[in-house]
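For reference, the structure is listed below as C-alpha cells.
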Amino acid sequence: MYCLGCNGPGKHQGSGAIRHPPPETESRKLSEAGPAENKEMKVGRKKGDWSCWLLAASLVGAFGSSFLYGYNLSVVNAPTPYIKAFYNESWERRHGHPIDPDTLTLLWSVTVSIFAIGGLVGTLMVKMIGKILGRKNTLLVNNSFAISAALLMACSLRAGTFEMLIVGRFIMGVDGGIALSVLPMYLNEISPKEIRGSLGQVTAIFICVGVFTGQLLGLPELLGKESTWPYLFGVIVVPALVQLVSLPFLPESPHYLLFEKHNEAGAVKAFQKFLGKADVSQVMEEVLAESRVQKNIRLVSVLELLRDPSVRCQVITVLVTMACYQLCGLNAIWFYTNSIFREAGIPPRNIPYITLSTGGIETLAAVFSGLVIERLGRRPLLIGGFGLMTLFFSILTATLTLQDRAPWVPYLSIVCVLAVIASFCSGPGGIPFILTGELFQQSQRPAAFTIAGTVNWLSNFAVGLLFPFIQKSLDTYCFLVFAAVCFTGAVYLYFVLPETKNRTHAEISQAFAKRNKACPPGERADSAISSDEKRSRKPEPDSASTLDGHVKDRVV
C-alpha cells in the first residue's frame, strides 16, 4: 500500500504502521515485465493523460462557453445594414419620422459595445457565484443567460422592439464574462500538469471556431439576409442546450472539492475519472501538498490579492498579458480587412467569402498552438507571437502607405493581415487565460480571474470607444500604435515571465518568489511550523519526509 506524503521506504509511527516500497519499485516492475506488458503499461499511462472524461469536459465546456463568446464577436458584422434598417423602422413607427443619423450611430455603437459592459458585470459576479456553486454548476447556471439572451434577440424583429436586441446583447455579455473566467479555471483544475497548456488552449480554439461560425452563418446564402438575420442570434440556444444537457454528467473540479468543500473522497473520484486510471496517488500527493500549505488560508478578495507583495509580479504579468490581448490591434485588423481586400482588386460581392479565410487562419493557428504548447512552452509562444505581430504590423503600415506604387503591394497587405492573425492566435490569443490559472494558488485563483476579466473587458470597451478616433487621426499609421503595444508586451514577458509548463502551482509560486522578494503567506506559515516541529521533536530515521514537513497518515 502507498501512503500519500511519503517519498521513500519507512514506517509511520503509531498504530497500523505501513511499510512503503522503495522508490524503484515501479521501474523494477517495468523491467521485470515482458516487452508486451511493459509497452502496455507505458501506453496506458500515456493514454490516461487524455481520458474520455477529460476530452468531454473540455469540448462540452468550451462549446457552451468560449464558442459563444467568439460567435457573438463576429455575428453582428453581416446583418449590420438590416439591423440599422430595423432600428429606423421601429423609430419611425413610434415617433412618426425617420431616426436622426447621429442617433442611429449612437444606438448601433451601444448595441456593439454593451456586450463588453455585460462581460465586465459577468466577471465581477464570478467570485460570488463560483464560491457557492463551484466551477461546473456555475457553467450550468450560466446557460440561463445565453438562452434568455438568444430568445430576446431572436424575437426582437417580430416584436418590433430594438431594445430587446440591446438588452439581449448585454445579457450575452454577462454570459461571456462568466464563461471566460470559469471555463479556464475549470480546465486548469481538472487537467494534469503535463497537458495543462494543451487543454487550456481549447478555450482559444473554440473562440476561433465561434468567430468562423459567425462569419459562415452570416453569408447571404445562409442566415445573412433581411428576413433571416434574427435566426443568427437564435442559433445561440443550440450550444447552451448542449452544455446544459451534457455537463451534469461530468465531475466537479477536484481542486474545488478538496480545497473549498473539503471533500477528499470526491476529489479522488473526480481525479480517477478525469485521468482515466484508478491509481491517482501521485497527483493527489501534489494537490494535498498544496492543500496543506494553504489549509489555514481562506479565499482572498481582489483588494487583498492586489495588496499582497508575494504575488505582485504575477498580478502585473496578468494585467500586462490581458491588456495586450485586447490592445494588440486585432480589432483594427477586422476594421481594415474589407478595405484591404478591395484595394487588392477583389470584387465587393466576393469579399465576405474571402473574409472566411481570416477565420480559418485563426482556427488553424489556435490548433497549432494547442499541439505545440507542451513542447515549446508558454513563454516562447507568447513572446514570439507578440514579436511577430510587431514585425507584421510594421510591414503592413508600409504596404498600406505605398499601396499605389506597385500592383503587387496590396497583395502583400493581405499576406500581412493573415500573418498578424496567425501570430496572434498561435500564442497571445489563448495563453493569457492559461497563465491566469497557472500563476496563482487555489485560494487566489477566483480573485485573479476577476482581475484578469476586468482588464480584458475594460480594454475591449476602450478599443471600441477609442479606435475610431485613433483611426481618424492617424489613418494607416494607427498600426504603429499597436506595434508599440505588442513590442512592449514582448519585452516585459521576456524579462519577467518564467516558463510554467510541467510545473505545479507551488513550483510556479517559488519561481516568482525571488522576484517578489516575499514568500506566499501559506509557505511562510508552513516553514515556521516545520521549524518548530524540528526543534521540538527528535528526528526519526525511518520516517519519510513530505513536501511541506507535515506527515499525515493518508492512505490511497
Side-chain angles (χ1 to χ4, degrees), residues 45-51 53-55 57-59 61-62 65-66 135 180-209 253-255 271 274-276 282-283 286-287 290 314 317-318 320-322 324-325 362-386 388 422-442 445 448-449 452 489-490 493-494 496-512:
R45 189 162 57 245
K46 184 177 180 181
K47 287 183 178 178
D49 289 342
W50 287 93
S51 68
W53 289 98
L54 205 57
L55 285 171
S58 59
L59 296 178
S65 300
S66 59
R135 317 297 187 238
L180 287 190
S181 295
V182 178
L183 177 65
M185 206 185 313
Y186 181 59
L187 296 182
N188 178 276
E189 293 175 359
I190 68 175
S191 59
K193 65 180 185 294
E194 292 81 10
I195 59 169
R196 195 169 54 214
S198 297
L199 195 70
Q201 196 66 7
V202 172
T203 301
I205 292 172
F206 271 80
I207 290 176
C208 298
V209 173
S253 160
H255 284 70
F271 269 129
F274 282 131
L275 302 184
Q282 182 179 353
V283 67
E286 295 174 356
V287 177
E290 185 182 352
Q314 291 96 309
T317 300
V318 166
V320 170
T321 53
M322 276 299 177
C324 291
Y325 171 77
E362 270 193 309
T363 305
L364 291 176
V367 171
F368 167 79
S369 178
L371 294 175
V372 303
I373 188 171
E374 297 301 346
R375 291 178 177 270
L376 300 181
R378 287 71 157 145
R379 194 171 179 273
L381 288 176
L382 261 182
I383 297 172
F386 281 129
L388 288 174
S423 302
F424 174 81
C425 293
S426 63
I431 294 178
F433 298 100
I434 299 173
L435 283 181
T436 306
E438 290 183 331
L439 298 187
F440 296 92
Q441 302 281 7
Q442 181 78 18
R445 204 167 290 139
F449 271 98
L493 294 171
Y494 179 81
V496 174
L497 181 67
E499 183 53 67
T500 60
K501 72 170 183 175
N502 291 334
R503 304 176 80 172
T504 64
H505 296 99
E507 291 170 342
I508 295 170
S509 295
Q510 291 170 4
F512 275 99

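To the nearest 0.5 angstrom, I207 atom CD1 is 11.0 Å from T363 atom OG1. The distance from the CH2 atom of W53 to the CG atom of L275 is 13.5 Å, given to the nearest 0.5 Å.
Residues V318 and L435 form no side-chain contact, since every pair of their non-hydrogen atoms from C-beta on lies 4.5 Å or further apart. The closest side-chain heavy-atom distance from L364 to F368 is not below 4.5 Å. Between L497 and T321, the closest side-chain pair of non-hydrogen atoms is not below 4.5 Å. For the pair I373/I434, a side-chain contact is recorded, criterion being any heavy-atom separation below 4.5 Å from C-beta on. Annotation: side chain of I431 is in contact with side chain of Q201 (closest heavy-atom distance under 4.5 Å).
Closest of all the heavy-atom pairs between P428 and L382 is CA-CD2, 3.8 Å. Contact record, G370 with S198: O-OG, 3.0 Å, taken as the closest heavy-atom pair. Annotation for R503 and A511: closest pair NH2-CB, 3.5 Å, computed over non-hydrogen atoms. For the pair S509 and Q441, the tightest heavy-atom approach, listed with the atom from each and the gap, is OG-NE2, 3.1 Å. The shortest heavy-atom contact between S58 and L199 is CB-CD1, 3.6 Å. Across all non-hydrogen atoms, the minimal contact from F512 to V496 is CE2-O, 4.2 Å.
A distance-only check finds a donor-acceptor pair linking the side chain of E374 to the backbone of G197 [under 3.5 Å]. Judged by distance alone, the side chain of S65 and the main-chain N or O of A62 form no donor-acceptor pair under 3.5 Å. Using a distance-only test at 3.5 Å, with no hydrogens or angles considered, no donor-acceptor pair links the side chain of S426 to the main chain of S369.
For E499, the side-chain contact (heavy atoms from CB on, under 4.5 Å) partners are R378, R379, P380, K501, not counting sequence neighbours. Under the salt bridge (Lys or Arg N to Asp or Glu O under 4.0 Å) criterion, R196 pairs with E438, not counting sequence neighbours.
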Side chains of residues 180-191: which donor-acceptor pairs under 3.5 Å do they make with residues two or more places apart or in other chains?
from: S181; atom 1: OG; to: G177; atom 2: O; distance (Å): 3.3
from: Y186; atom 1: OH; to: P251; atom 2: O; distance (Å): 2.7
from: N188; atom 1: OD1; to: H505; atom 2: NE2; distance (Å): 3.2
from: E189; atom 1: OE1; to: R135; atom 2: NE; distance (Å): 3.2
from: E189; atom 1: OE1; to: S253; atom 2: OG; distance (Å): 2.5
from: E189; atom 1: OE2; to: R135; atom 2: NE; distance (Å): 3.4
from: E189; atom 1: OE2; to: R135; atom 2: NH2; distance (Å): 3.1
from: E189; atom 1: OE2; to: Q442; atom 2: NE2; distance (Å): 3.4
from: E189; atom 1: OE2; to: R445; atom 2: NH1; distance (Å): 3.0
from: S191; atom 1: OG; to: L187; atom 2: O; distance (Å): 3.0

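With ring centers used as reference points, Y325 lies under 6.0 Å from F424.
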